[in-house]
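One structure below.
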Amino acid sequence: MSKEVLVTGGAGFIGSHTVIQLTQAGYTPIIVDNFSNSSPVCLTRLEEITGQKIKYYEADILDTPALSEIFKKHDFQFVIHFAALKAVGESVSVPLKYYKVNVGGTVNLVEVMSQYGCKNLIFSSSATVYGAPQYLPLDEVHPTGVGITNPYGQTKHVNECVLRDLAKSDSEWNIVLLRYFNPVGAHKSGMIGEDPKDIPNNLMPYVSQTAIGRRECLSVFGSDYDTPDGTGVRDYIHVVDLAEGHVKALNKLEESCGLKVYNLGTGNGYSVLDIVNAFSKASGKEVPYKLVGRRAGDVASCYSDPALAKTELNWVAERGLDEMCEDAWHWQSKNPNGFETPPPGKL
Ligand code: UFG
């Protein structure tokens with residue numbers, strides 16, 4: 001029988017792409033999402049893409065009784081925990097909300113998992129736990145928790161600590177911490193993709209909304225960094241590559257791996273202007289931009305050493321920057337207003 005995988009935040013950007021990969025790998029994903037930063041329309045799209053009914057529950061990870069009920073109804077072998085708040089700027093103004101949802105939500109979830117004897121977890125961590133890089137590329141032994149500049153990043157670090165302590169206390173737990181670099185792109189179908197509810201904080205959705213005409217002009221935050229063109233350098237990774245990394249991590253859990261940590265990145269650094277140029281090429285649209293001051297908390301460069309995931313998970317990112325931009329543009333141009341775009345004929 002196909003193994004059931006609970007996917008918290010499964011209607012979100014990375015979660016939804018992972019749900020597709022899970023079905024393709026023969027798992028049965030069950031989604032829990034409160035739709036605070038996602039749309040139920042995504043679920044219909046997932047069913048169209050996969051040709052399968054996707055089971056989901058509208059529930060909050062802070063709602064312990066609701067989680068318990070869901071665990072009662074299923075036989076989860078694994079949990080992939082995406083559900084979290086992720087706006088860096090907002091986390092500075094409302095830190096308690098971030099600690100409550102991101103840390104409190106994780107603690108709740110693993111408590112319920114424990115009660116129901118499901119002790120296999122993949123956790124969505126972030127390159128943000130490395131703080132300002134002491135060296136590049138960032139490998140998994142680079143110090144973490146030092147110089148993190150915002151509460152969002154702290155919550156990822158604290159969650160890593162919580163889960164490490166949990167694994168130490170009970171050898172039945174198998175936990176994979178995946179440190180994502182900068183996920184972009186979209187599924188080839190153009191039916192799902194990144195759909196920020198407000199003004200995008202992240203570069204790629206801002207660029208693509210500018211190309212489609214929803215935003216006037218991109219502000220490039222900082223042009224005096226010590227990088228080839230002075231703008232910030234990041235390790236952008238196609239979201240489908242990232243999703244595939246989760247299936248590989250599930251295989252690792254199947255080996256009863258204890259606690260493991262992997263970077264999921266490409267190892268390549270691209271600047272903000274590289275992204276603007278690649279996106280213009282992919283979309284055939286100009287992306288107007290202006291150079292402005294640095295954004296507080298940003299670092300000059302951040303990119304991964306993805307070698308460990310290659311050796312231990314047999315995973316490498318396969319999709320390059322052009323494909324990331326083409327797929328992001330395909331999604332954006334088919335759905336100018338994201339999941340709220342009315343279907344053709346209903347405009
Ligand atoms: N940038 C702009 N203009 C914008 C948005 C971003 O110039 O409107 C620049 C940033 O200054 C940075 C680069 O584009 O140089 C990437 O910025 P993003 O906000 O897209 O991504 P970050 O690297 O800042 O943040 C990402 C994730 C966070 C995570 C962080 C560190 O969004 O969740 O990586 O791992 F914490």
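Start at 1 and go down the list; that is how both ligands and their atoms are numbered. Along the sequence shown, residues carry numbers from 1.
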Backbone, side chain, both or neither: what part of Tyr130 comes under 4.0 angstrom of ligand 1, heavy atoms only?
neither
Inspect the contact between Glu326 and Lys188 and indicate whether a charged nitrogen and a carboxylate oxygen are less than 4.0 angstrom apart.
no
Less than 4.0 angstrom from a charged side-chain N to a carboxylate O is my criterion; do Glu47 and Lys53 meet it?
yes
Applying the side-chain hydrogen bond (donor to acceptor under 3.5 Å, both in side chains) test to Thr155, which of Thr128, Thr106, Asn150, Asn102 qualifies?
Asn102
Regarding ligand 1, does Asp298 bring an N or O atom to under 3.5 Å of one of the ligand's N or O atoms?
yes
Can you list the ligand 1 atoms lying under 4.0 Å from a non-hydrogen atom of Arg295?
5 (C), 6 (C), 10 (C), 17 (O), 18 (P), 19 (O), 24 (O)
From the list Lys55, His74, Gln77, side-chain hydrogen bond (donor to acceptor under 3.5 Å, both in side chains) partner of Glu4 resolves to His74
Give me the nearest non-hydrogen protein atom to atom 20 (O) of ligand 1 as residue plus atom name, then the distance to 0.1 Å.
Leu203 N, 2.8 Å
Closest to atom 7 (O) of ligand 1 (judged by heavy-atom distance), picking from Phe181, Tyr289, Phe221, Tyr180:
Phe221
Which option out of Arg234, Met204, Lys86 puts a heavy atom nearest to atom 23 (O) of ligand 1?
Arg234
Which residue and non-hydrogen atom of the protein lie closest to atom 16 (C) of ligand 1, and at what distance in Å?
Tyr236 OH, 3.4 Å
Heavy-atom nearest neighbour in the protein, as seen from atom 35 (O) of ligand 1, with distance rounded to 0.1 Å
Thr128 N, 3.0 Å
Of all the non-hydrogen atoms in the protein, which one sits nearest to atom 27 (C) of ligand 1, and at what distance?
Asn202 ND2, 4.0 Å
Within 6.0 angstrom of Lys281 NZ, more than 12 heavy atoms from elsewhere:
no
Are Arg294 and Tyr225 in a cation-pi contact, defined as NZ or CZ under 6.0 Å from the six-membered ring centre and within 45° of the axis?
yes
Other ILVMFWY residues reachable from Val141 by side-chain steps of under 4.5 Å:
Tyr135
For atom 28 (C) of ligand 1, what is the closest protein heavy atom, and at what distance to 0.1 Å?
Tyr152 CE2, 4.1 Å
Please could you name the atoms of ligand 1 that Ala127 approaches to less than 4.0 Å, counting only its heavy atoms?
35 (O)
Is Lys252 paired with Glu255 through a side-chain N to carboxylate O contact shorter than 4.0 Å?
yes
Protein residue, atom and distance nearest to atom 9 (C) of ligand 1, heavy-atom basis:
Val272 CG2, 3.7 Å
Protein contact of atom 26 (C) of ligand 1 - nearest heavy atom, named by residue and atom, plus distance
Asn182 ND2, 3.6 Å
Check Lys156, His157, Glu160 against Ser125 for a side-chain hydrogen bond (donor to acceptor under 3.5 Å, both in side chains) and give me the one that passes.
Glu160
Can you sort out which atoms of ligand 1 are near Val220, meaning under 4.0 Å from one of its heavy atoms?
7 (O)
Any idea which atoms of ligand 1 are less than 4.0 Å away from a heavy-atom of Gly232?
15 (O)
Are there more than 12 heavy atoms of other residues, nucleotides or ligands under 6.0 Å from atom NZ of Lys100?
no
May I ask you to list the atoms of ligand 1 that are less than 4.0 angstrom from any heavy atom of Asn201?
5 (C), 19 (O)
Ligand-side contact atoms (ligand 1) for residue partner Ser126, heavy atom cut-off under 4.0 Å:
29 (C), 35 (O), 36 (F)
For the CG atom on Asp170, are there more than 12 heavy atoms of other groups (residues, nucleotides or ligands in this structure) within a distance under 6.0 Å?
yes
What protein heavy atom lies closest to atom 3 (N) of ligand 1? Include the residue and the distance to one decimal.
Ser219 O, 2.8 Å
